[in-house]
Amino acid sequence: MQHDERYMRLALEIAKTGIGQTSPNPAVGAVVVKNGEIVGFGAHLKAGEPHAEVHAIRMAGDKAKGATVYVTLEPCSHFGKTPPCADLLVEIGVQRVVIATTDPNPLVAGKGIEKLRQAGIDVTVGVLKEEADELNRVFFHYITTKTPFVTMKFASSLDGKIATKTGESKWITSEEARQDVHHYRVCHDAILVGVDTVIADNPSLTVRLPEGGKNPIRIILDTHLRTPLDAKVIQDGEAETWIVVGSEVSSERIARYTRPNVRILSMPTPTIEIRELLNMLAAHKITSIFVEGGAKVHDSFIRAGAVQEIIAYFAPKIIGGREAKTPVGGIGFAHMTDVLELTIKRVETIGQDIKIIAAPKR
Ligand SMILES: Nc1c(/N=C/[C@@H](O)[C@H](O)[C@H](O)COP(=O)(O)O)[nH]c(=O)[nH]c1=O
């Protein structure tokens with residue numbers, strides 16, 4: 001029914017208030033409707049806090065009995081940090097539940113719906129499913145693959161250079177585009193760069209947004225532990241810094257990096273293998289990573305098939321020069337049949353720059 005879509009669209013908008021705050025949980029929104037009136041709504045705002053349905057039902061009070069509840073993700077049916085929402089909806093005696101998408105966790109998928117139907121509640125599933133899946137693509141990826149969702153970002157000139165042949169890169173894109181990058185940083189658990197970027201740019205990799213925001217964990221891929229000890233990521237204490245090194249780095253060298261906010265992660269192999277790295281980071285509850293370069297790191301993630309979304313900014317500038325670096329360097333693909341094919345999801349302008357959001361074809 002078309003009013004189902006109207007209320008579910010509202011629930012999706014409310015769910016977005018939790019984006020970037022609920023990790024490792026999904027962002028969920030709920031709206032309670034009784035006799036054509038909205039009597040309650042709510043979002044899941046932080047892991048460990050009440051779920052969206054609980055907030056919405058509380059706001060509805062005794063009007064929740066006999067009401068219809070619109071929720072963007074199947075109500076949970078298992079005891080996590082909070083009691084199951086499916087039980088609450090049964091207890092309250094709602095009349096109907098409309099769900100956008102089912103839980104991606106195979107262990108619980110469909111169990112919440114089953115519980116509601118067994119209690120005689122009318123359940124509709126799949127209203128605006130596409131939008132709901134897109135909203136929680138990070139959570140769904142992490143739950144179903146047990147590896148972090150990887151977003152890759154690069155900023156280049158129109159002729160595809162990320163720096164001049166002398167290594168200068170400040171700045172290629174405008175202030176607005178660089179600000180936009182911080183919105184991605186704040187909603188990823190970690191931000192990742194290669195040691196060459198640390199040496200070349202001495203980046204902070206922190207979130208500088210007018211409204212503030214949590215700094216992601218800074219992950220530096222540094223096989224031989226070459227990160228300068230006076231680098232901001234070591235010295236500034238602004239955020240945690242994890243340096244990933246190969247197995248051949250000596251414990252004496254590692255000892256020199258002992259700092260309160262610095263952690264060294266040693267790979268089991270002399271070089272850093274991306275899939276192994278992602279499994280290791282997932283084990284540390286990293287559900288999403290924002291990969292900001294450089295060219296070699298981008299190449300290793302692309303060739304490992306480890307990228308779920310690409311954010312590319314193009315500035316109306318021509319840099320030129322055969323030696324000037326391009327966004328994806330390293331080994332690359334030898335044959336057109338092997339290249340990474342993408343779907344363009346969105347094209348926008350930001351100030352004077354163009355922003356393209358793309359995703360690898362399945
Ligand atoms: N050169 C550019 C970028 N450069 C991106 C990285 O190479 C920088 O080291 C990193 O963003 C610096 O992080 P910070 O110290 O926290 O500001 N990125 C952009 O979007 N536009 C650019 O023109």
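Every number for a ligand or one of its atoms is a count from 1 in the order of the listing.
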Nearest to atom 16 (O) of ligand 1 by heavy atom, R208, K317, R178: which?
R208
Between Y313 and ligand 1, is there a nitrogen or oxygen pair with a distance under 3.5 Å?
no
Full working for salt bridge (charged side-chain N to carboxylate O under 4.0 Å, His left out) between E13 and R9
CA-CA 6 Å; E13 282 312 304; R9 209 167 290 290; over 6 Å; no
Just go through K232, K170, R185 and tell me whose heavy atom is the nearest to atom 10 (C) of ligand 1.
R185
Classify the ring geometry between H141 and F149 as parallel (under 30°), tilted (30 to 60°) or perpendicular (over 60°).
perpendicular
I311, D196, T206, I172: member with heavy atom nearest to atom 23 (O) of ligand 1:
I172
Residue list, salt bridge (charged side-chain N to carboxylate O under 4.0 Å, His left out) with D201, at least two apart or on another chain:
none
Are any of the N/O atoms in E292 less than 3.5 Å from those in ligand 1?
yes
In terms of heavy-atom contacts, V138 and S288 come closest through CG1-CB, 3.7 Å
Part of E168 within contact of ligand 1 (heavy atoms, under 4.0 Å)
neither
For P203, the ligand 1 atoms with a heavy-atom partner under 4.0 Å come out as 9 (O), 12 (C), 13 (O), 15 (O)
N or O contact, K153 vs ligand 1, cut-off under 3.5 Å
yes
Could you say whether the N/O atoms of V181 and ligand 1 ever approach to under 3.5 Å?
no
I want to check something: taking the side chain as every heavy atom from C-beta on, are K161 and K317 in contact at a cut-off of under 4.5 Å?
no
Between the main-chain N or O of T206 and the side-chain N or O of R218, is there a donor-acceptor pair closer than 3.5 Å?
no
Could you give the side-chain donor-acceptor pairs of residues 334-345 under 3.5 Å, partners two or more places apart or in another chain?
| residue | atom | partner | partner atom | Å |
| --- | --- | --- | --- | --- |
| K345 | NZ | E134 | OE2 | 3.0 |
| K345 | NZ | E309 | OE1 | 2.8 |

Within the structure, does S169 bring an N/O atom to less than 3.5 angstrom of an N/O atom in ligand 1?
yes
Considering only heavy atoms of D201, which atoms of ligand 1 have at least one such atom less than 4.0 Å away?
6 (C), 7 (O), 8 (C), 9 (O)
In short, S156 meets I162 closest at the heavy-atom pair CB-CG2, 4.1 Å
So V198 and R226, do their side chains get closer than 4.5 Å, heavy atoms only?
no
Should N202 be counted as touching ligand 1, given the test is an N or O pair under 3.5 Å?
no
Can you find an N/O atom of S204 closer than 3.5 Å to an N/O atom of ligand 1?
yes
Any nitrogen or oxygen of T173, main chain or side chain, under 3.5 Å from a nitrogen or oxygen of ligand 1?
yes
